[in-house]
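Accompanying notes for the structure given below.
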Protein chains: 4
Amino acid sequence: MIMQISADEASHIHDALTNRRRTATSDGVAADRLRSIVDRIERLEEERANLAADIKDIYAEAKSAGFDVKVLRQLIALRKKDDAEVAEMETLLDVYKRSLGM
Amino acid sequence: MIMQISADEASHIHDALTNRRRTATSDGVAADRLRSIVDRIERLEEERANLAADIKDIYAEAKSAGFDVKVLRQLIALRKKDDAEVAEMETLLDVYKRSLGM
Amino acid sequence: MIMQISADEASHIHDALTNRRRTATSDGVAADRLRSIVDRIERLEEERANLAADIKDIYAEAKSAGFDVKVLRQLIALRKKDDAEVAEMETLLDVYKRSLGM
Amino acid sequence: MIMQISADEASHIHDALTNRRRTATSDGVAADRLRSIVDRIERLEEERANLAADIKDIYAEAKSAGFDVKVLRQLIALRKKDDAEVAEMETLLDVYKRSLGM
DNA sequence: CAAGAATTATGAACCC
DNA sequence: GGGTTCATAATTCTTG
């Protein structure tokens, strides 16, 4: 791995990761910065996990309402894609199928 | 296709969505229900994409601050995994304990 | 978890798993049996991993030859499915799309 | 669609498979190549499915012999994971050591 | 048949 | 920017 940080910085990071320094020196600054970064990322990832759970719930609701979840997923994926992309992909698939005599 | 809904249900939906059923109401109900489901899923997925972008930004900020992003990702994965694995190991331990009738 | 084995058996398994017994008693028989099972499964899984690697190589070859790997995967998945299933799925997708006015 | 092949290449394939190109030979070559690729992948996937069936049989045998299949799966997963995780931990350790210039 | 695990595919991120 | 590796998402399969 090619480190993109200086030896000093590296030392600071390692200190921060291993909680060896607790003073409000420059080391502490780096450690605090790291802690802030980690906290924010973990917070956002938690929110993201919550959203994923919500989405899962809606699919479950759809299933209960009698909709086919697999087709529903296809539908939503389709809406995300550019029309031209979908068309070109289908065209290429047809080409391959014809090539195999399908 | 292996339907995840019963044949009756499938017929029902198909009837509703293709305007075969007698009342105009039930058609509209199913269509509205589908629209609601699709809208909510797409809304939540948009929020999720925004969160992913925010997380990406924080990683970029961390990189600018001199932190090694790869190490950072490993660190966060490790913090997440540790919890999961502690739970997994406890499950396995329980299994063994049960095997011994404890 | 509902154990499907007797307490004696459970004890034997646990012993085997933890290598506490080494004699050719009935414990040893169970341990040998377990070892045989684990060995065979791991052997087959290794073969399966090798096959997966071979398949990956062919996809890489296809890509080098100018084929679109994603479409290729779709094609092969399509050939696995029953024709009637594919048709019914596409029909249902069309129904949903019409329902949304797409 | 985001092509994973260049536009030139794509045009080439498309030409070949749709018989737009001048010679009948190159068409056949591309079609044969595709057929070869699909055949080999399907063959290997069939072997892989057979191996999966064999593995399933062994688990069934283990169950008949009184072993708990779930525990067995956990055991084998654990044996697999341990190797992978030892490697992962060593990687992370190396990163930290490099951070310290060791 | 519903739920959960396990496998597999897709998409993103990093390096060259 | 292209390939490769890794994370996440989805489908499939098994079990209760």
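FYI, side chains are in, hydrogens and waters are out, and symmetry mates aren't considered; it's all heavy atoms of this structure.
Within 6.0 Å of CG on D83(A) lie no more than 12 heavy atoms contributed by other residues, nucleotides or ligands.
A cation-pi geometry, defined here as NZ or CZ lying under 6.0 Å from the six-membered ring centre and within 45° of its normal, holds between R73(B) and Y59(B).
In this entry the distance linking CG of L78(B) with C1' of dA7(F) reads 16 Å, nearest Å. What separates CD1 of I55(B) from C1' of dA12(E) is a distance of 13 Å, to the nearest Å. At whole-Å resolution of the value, CD in E85(D) and P in dC6(F) are 14 Å apart. What separates CG of L72(D) from C1' of dT15(F) is a distance of 16 Å, to the nearest Å. Between L75(B) atom CG and dC6(F) atom C1' the separation is 17 Å, expressed in whole Å. Remark: P of dT7(E) and NZ of K81(D) are 12 Å apart, rounded to the nearest angstrom. The nearest whole Å value for the distance from the CZ atom in R48(A) to the C1' atom in dA12(E) is 11 Å. The nearest whole Å value for the distance from the CG atom in L51(D) to the P atom in dC13(F) is 16 Å.
The distance from atom CD1 of I58(B) to atom CG of L72(B), rounded to the nearest 0.5 Å, is 10.0 Å.
Distances from the side chain of K56(D) to the nucleotides dT14(F), dA10(F), dT8(F) place dT14(F) closest. Taking every side-chain heavy atom of K63(C) into account, dG3(F) is the closest of dA10(F), dT7(E), dG3(F). Which of dT7(E), dT8(F), dC14(E) sits closest to the side chain of E45(C) comes down to dT7(E).
A heavy-atom distance below 4.5 Å is found between the side chains of K70(C) and M89(A).
Ionic pairing of E85(D) and K81(B) is present here: one or more N-O contacts between side-chain nitrogen and carboxylate oxygen are shorter than 4.0 angstrom. Between R40(C) and E61(D), at least one side-chain nitrogen of the basic residue sits less than 4.0 Å from a carboxylate oxygen of the acidic one, meeting the salt-bridge criterion.
Between R73(A) and dT11(F) there is a side-chain polar atom (N or O) within less than 4.0 angstrom of OP1 or OP2. For the pair K70(D) and dG4(E), the criterion of a side-chain N or O lying under 4.0 Å from OP1 or OP2 is not met.
Each end of the helix from dC1(E)-dG16(F) to dC16(E)-dG1(F) gets its own axis, taken as the rotation carrying the C1' atoms of four end pairs onto the next four within a five-pair window, and the two axes meet at 10° to the nearest 10 degrees.
Nearer the 5' end of DNA chain F, as judged by each residue's closest nucleotide, is the contact made by A77(B), out of A77(B) and Q74(A). Summary of the strand contacts: K80(C) and Y59(B) both lie near DNA chain E, and taking for each the nucleotide with the nearest heavy atom, the more 5' one is attributed to K80(C).
The salt bridge (charged side-chain N to carboxylate O under 4.0 Å, His left out) test with R43(B) is passed by exactly one of E47(B), E46(B), E45(B): E47(B).
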